[in-house]
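Beneath this line is the structure, given in structure tokens, with notes to follow.
None of these values were measured; they are calculated from a predicted model.
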Amino acid sequence: MHELIDAARDVQTTAHVPYSEYAVGAALETEAGEVFVGCNIENANYSNSLHAEEVAIAEAVKNGHREFARIAVSSGRRDGVTPCGMCRQTLTEFCDDDLLVICDEGEGEPPTEYTLGELLPNTISEETLE
């Protein structure tokens, strides 16, 4: 788990956050144990900004992965940041409710853990659209 948090912390350093100055990194682990990372990339038109979790899952999907075990999320403030609602919905497209979401609370503090289902119950899914 600590390796996943470290990967999320490392990728934060590449975040482009000139407006919020709130760097976020995410490390998404596939069921096969491969890790894909992403950082937030802000745009002056805020709606075009990319979130760290979205970047990580896009990289994993681009490389052919569709099954995931866990994701770690860390901000430069080490404040236990969780994926936002939009990122939670994106994760549910590819992940089951039992996806482990690990939130970095900082040095000396244990990370907070959730399941995706806890963070986003009753999600919009393919079944919902039928």
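Residues satisfying the ring-ring contact (aromatic ring centres under 6.0 Å, His included) test with H51, not counting sequence neighbours, are none.
The stretch residues 108-130 participates, sequence neighbours left out, in no ring pair (Phe, Tyr, Trp, His ring centres under 6.0 Å) pair at all.
The hydrophobic cluster containing V24 does not contain I41, counting ILVMFWY residues as joined when their side-chain heavy atoms lie under 4.5 angstrom apart, directly or transitively. In terms of hydrophobic clustering, with Ile, Leu, Val, Met, Phe, Trp and Tyr side chains grouped at heavy-atom distances under 4.5 Å, V37 and L50 are assigned to different clusters. In this structure, I71 is not a member of the same hydrophobic cluster as V55, with clusters built from ILVMFWY side-chain heavy atoms closer than 4.5 Å. Put simply, L116 and I57 are part of the same group of oily side chains (I, L, V, M, F, W, Y) that touch within less than 4.5 Å, one to the next. V11 and V73 are members of different hydrophobic clusters when ILVMFWY side chains are connected at heavy-atom separations under 4.5 Å.
No side-chain heavy atom of R70 sits less than 4.5 Å from a side-chain heavy atom of E113. Considering only heavy atoms from C-beta on, E105 stays 4.5 Å or farther from P110 through its side chain.
To the nearest 0.5 angstrom, R78 atom CZ is 13.0 Å from C103 atom SG. Note that the CD1 atom of I124 and the CD atom of E93 stand 10.5 Å from one another [nearest 0.5 Å]. Going from atom CZ of F68 over to atom CG of L91 covers 9.0 Å, rounded to the nearest 0.5 Å. In this structure, L120 CG and C84 SG are separated by 10.5 Å, a value rounded to the nearest 0.5 Å.
Side-chain contact check for R88 and T82: at least one donor-acceptor pair (N or O, by modelled atom type) lies under 3.5 Å. Between the side chains of T92 and Q89, at least one donor N or O lies within less than 3.5 Å of an accepting N or O. Looking at T90 and E53, their side chains never bring a donor and an acceptor atom within 3.5 Å of each other.
Looking at Q12, its side chain does come within 3.5 Å of a backbone N or O of G76 through a donor-acceptor pair. Between the side chain of D104 and the main chain of I5, no donor-acceptor pair closer than 3.5 Å is present. Judged by distance alone, with hydrogens and angles left aside, the side-chain atoms of E29 form no donor-acceptor pair with the main-chain N or O of L4 at under 3.5 Å. A side-chain donor-acceptor contact under 3.5 Å links N40 to the backbone of Y22. Remark: the backbone N or O of V61 is paired with a side-chain donor or acceptor of R66 at under 3.5 angstrom.
Residue N45 qualifies as enclosed at atom CG: its count of foreign heavy atoms under 6.0 Å is above 12. The local environment of CD in E67 is sparse, with at most 12 non-hydrogen atoms from other residues, nucleotides or ligands closer than 6.0 Å.
Closest of all the heavy-atom pairs between C87 and E54 is SG-CG, 3.9 Å. Scanning all heavy atoms of the two residues, the minimum distance from V35 to A27 falls at CG1-CB, 4.0 Å. Residues A26 and A56 come closest through the heavy atom pair O-CB, 4.1 Å. Residues S74 and R9 share a closest heavy-atom pair of OG-CG, 3.5 Å. T123 and T128 make their closest contact through O-OG1, 3.6 Å (heavy atoms, listed as atom of the first residue, atom of the second, distance).
Y19 and Y46 have perpendicular rings, their planes meeting at more than 60° on a 0 to 90° scale where under 30° would count as parallel.
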